[in-house]
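Only a predicted model underlies this, so the values are computations on that prediction, with no experimental measurement involved. Counting starts at 1 for both ligands and their atoms, following the listed order.
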Amino acid sequence: MAHTVIDSGETHRASAAQTAIDPAVPLTIRMHPLDNVAIVANDGGLAAGAVLAGGLLLRDRVPQGHKVALEALPVGAAVLRYGVVIGHALQDMAAGSWVHERVLQMPTAQALAGLPMATVKPRPQSALEGYTFEGFRNRDGSVGTRNILAITQTVQCVAGVTEFAVQRIKTELLPRYPNVDDVVALEHGYGCGVAIDAPGAEIPIRTLRNISLNPNFGGEIMVVSLGCEKLQPERLLPPGSIPLVDQRQLDEGDAGGRGTLDVVRLQDDAHVGFMSMVEAIVRQAETHLQRLNARRRETVPASELVVGVQCGGSDAFSGVTANPAVGFCSDLLVRAGASVMFSETTEVRDGIAQLTSRAASLDVAEALVREMAWYDAYLQRGSADRSANTTPGNKAGGLSNIVEKAMGSIVKSGSMAITGVLAPGQKLQQKGLTYAATPASDFICGTLQLAAGMNLHVFTTGRGTPYGLAAVPVIKVATRSDLARRWHDLMDINAGRIADGSASIEDVGWELFWLMLDVASGRKKTWAEHWKLHNALVLFNPAPVT
Ligand code: CA
């Protein structure tokens, strides 16, 4: 990002500019000295005839976020953004022309053989000491940022009954337990009507299991089961996976020193009528609420943060403002000893060489290749390729294809060495920067990062999405000031100030870091929490349904 140049009619300067630029002055952003295109930064775009810095005359109207040719691009010419070939010209274009997705041929995907493996040793950075937040320490050592009772479900069949019970728990019980933040039903579409032993079925099953163990749920596990479903409670949460939650369980636990599974089974003979089921769930919930309510926040080091980053509704500014700021913050988190996960396989696939070279070891690099190859095969099975990722909104926002989108997406990961790789649904076991392989779908990615043990989520958006999760606070970062102004009560941070010239990447990165500590501590709520906006859990199930 050090190469970023913001060109206005009056100034040439790096992104660290501190004063706002006159909106009437044509403003373009070039990401790398090799680039032969720049993007238009002005709200509303620029009209044909506008004169850019250096005297270049725009030949076409160019919308905000879209690319302008900085030199003549003959047919076949490589078009570079981020110093990377994002496509080849399909027609002759004069300097000053609008370069959009219909005049660009997307490059073929990089082969997974012959990649640079663990070749780059990122410059060591000093440790950040002394940063803390107020969190809920769990018996297994993990730390919650919220204190939530989660009700796990084995199957979709029980969702309606569980939701009815949850409403009663919230109105009748929750007011008596003021240290508990919320009650959340872990509703999902899995559990029956699925090929439960097929290859790939372990992904949704371990995802559900590991979500139940998310640090924000305090190790309190209760399950609502129907009775006849394929995914039986003991398969979802086998003995040995249940954490012990109090001394009584420590005394009574099995020989392995683990807790027992607390299940309400709706088909049990004991239940006569709907209210009997509801009352059983409410009664069980109260024992968990009592224990959760006894917990208090305590001061813990920032190294206990487990942050998942992703983007959604991306535009051409994502890779200029919000994602670089998140990347700078990712570096701060890693320096503070925390865990950071980045994901979204189809959005890093075209930058795989950047990732394998940054891997801390050959093992990590090979694990990255393994996840990419698995996903290539998964897409191939569905007769799709990576070009299926980009949306109409991405293209309207100036992203011509997945290569350009990927270059902007990867910068969320910052610059540190990649020290871990997770397959979908696996639980994170280490600090530092990890690639958690997930689809790019916002809901599926968020669900899988929850399973990995995320206790704080950062989400960047350019087109805008009101995305939220019930289990974990989601900090949303806007890529453009126009979006931040219009969605002033949905966006938590405005990274558009970087393009406006009123803040640097470092400024916004630090602002995000401080906001994370405040949100993690419960001192501040995100807008999604304020409005109680949250999306569904969506399981990644690559296996067949029956
Ligand atoms: Ca996404």
Do D315 and R480 meet the salt-bridge criterion of a basic N to acidic O distance under 4.0 Å? yes
Check the pair M491 / T461 against side chain to side chain contact (heavy atoms under 4.5 Å, CB included), numbers first and verdict last. CA-CA 9 Å; M491 294 291 134; T461 183; 3.5 Å; yes
Is the ring pair W531/W527 parallel, tilted or perpendicular, if the boundaries are 30 and 60 degrees? parallel
Can you classify the ring geometry of F540 versus W374 as parallel (below 30°), tilted (30 to 60°) or perpendicular (above 60°)? perpendicular
Working note: M341 + T438, criterion side chain to side chain contact (heavy atoms under 4.5 Å, CB included); need CA distance, chi angles, decisive distance, verdict. CA-CA 11 Å; M341 290 178 282; T438 77; over 6 Å; no
The Ca ion (ligand 1): protein N, O or S atoms that are less than 3.0 Å away, sorted by chain: Q310 OE1, C311 O, E344 OE2, A440 O, D442 OD1
Residues E101 and N401: side-chain donor-acceptor under 3.5 angstrom: no
